[in-house]
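Data block below; observations after.
Remember, it's 1-based here, ligands and their atoms both numbered in the order they're listed. Keep in mind that the numbers below use all heavy atoms, side chains included, and drop hydrogens, waters and symmetry copies.
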Amino acid sequence: MRLGVNIDHIATLRQARMTNEPDPVYAAVIAELAGADGITVHLRQDRRHIQDRDIELLRTIIKTKLNMEMGISMEMVKIALKYKPDTCTLVPETAEEVTTTGGLDLTMYSEKVAEVSGNLRAAGIEVSAFIDPEIDQIKACHRLGISVIELNTGEYARNWNNSYAILELEKIKKAVVYARKLNIKILAGHGLTYQNVKPIVEIEEIEELNIGHSIIANSTFMGLDLAVRRMKKLIQA
Ligand code: PXP
């Protein structure tokens, strides 16, 4: 299973002082050298962490794969077309949220998603949609011609140490089976930690995990290199 490392929170720390350190570009290099298979950044409309300059530099420096998470706005489409990340992951975005909460509702926003994903695909950018593990969302994905999904593991992660996690895991597994039948490539992420990642790793059809907060949090104590290596080891088993 591949590991995409989300480095947004390196930028969160930098923005706390509006200074130039720590630099997420350094973080991307260290993460790649430690074995990350891709780097993910979320350019939010309010620019609370990642800045346009980061995307520009990351595009030239990253040797693996740059995945830009973005809300479904034409402002973000323009930026993606300028810097051409390898993948754009469409996510819901509201100003009040602390982090992405819930998957993008592809049935409610189907027209906007069709417009945004059409523009990105026309420029040769792979489009992925961050969705909840619901069959209706996968059907909508298929209708919209989106061939990659990132399943939201947030609900599972929040409940991983109580019995509700079993139900959430079952939902994820059902969604995986359905998506595979439609030939959709499956990634997953949100809320995954060193403690809760194992049952998700055991779902073979999931090709890649995007993990940010837990890796960056642990890096403050053990360093980013070791934090990435430890996660990579867990998800490779
Ligand atoms: N995937 C998506 C779509 C996200 O928005 C995020 C958070 O930015 C992640 C994965 C990573 O989540 P976490 O930081 O909880 O590991």
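A heavy-atom separation below 4.0 Å is found between Ile211 and ligand 1. Under a 4.0 Å heavy-atom criterion, Glu69 is in contact with ligand 1.
Applying the 4.0 Å criterion to heavy atoms of Val91 picks out, from ligand 1, the atoms 3 (C).
A side-chain donor from one of Asn67 and Thr40 sits under 3.5 Å from a side-chain acceptor of the other.
Annotation: atom 16 (O) of ligand 1 to nearest protein heavy atom, Gly212 N, 2.8 Å. For atom 11 (C) of ligand 1, the closest heavy atom belonging to the protein is Asn210 O, 3.8 Å. Closest to atom 8 (O) of ligand 1 among all protein heavy atoms lies Asn6 ND2, 3.3 Å. The protein non-hydrogen atom at the shortest distance from atom 10 (C) of ligand 1 is Glu150 OE2, 3.2 Å. Protein heavy atom in closest approach to atom 9 (C) of ligand 1: His190 CD2, 3.9 Å. The protein non-hydrogen atom at the shortest distance from atom 14 (O) of ligand 1 is His213 N, 2.9 Å.
Closest heavy-atom contact between Val5 and Ile215: CG2-CD1, 4.1 Å. Listed here is the closest heavy atom pair of Asp132 and Gln137: O-CB, 4.1 Å.
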Contacts under 3.5 angstrom, residues 171-184 side chains, donor-acceptor by atom type, not counting sequence neighbours:
residue: Lys171; atom: NZ; partner: Glu134; partner atom: OE2; Å: 3.4
residue: Arg180; atom: NH1; partner: Ile184; partner atom: O; Å: 3.0

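Of the N or O atoms in Gly191, one or more lie within a sub-3.5 Å distance of an N or O in ligand 1.
The salt bridge (Lys or Arg N to Asp or Glu O under 4.0 Å) analysis of residues 141-162, with sequence neighbours excluded, yields the pairs Glu155-Arg158.
In this structure, His49 and His9 have perpendicular ring planes: the angle between them is above 60°, well past the 30° mark.
The pair Glu75-Lys82 fails the salt-bridge criterion, with no side-chain N (NZ, NE, NH1 or NH2) lying under 4.0 Å from an Asp/Glu carboxylate O.
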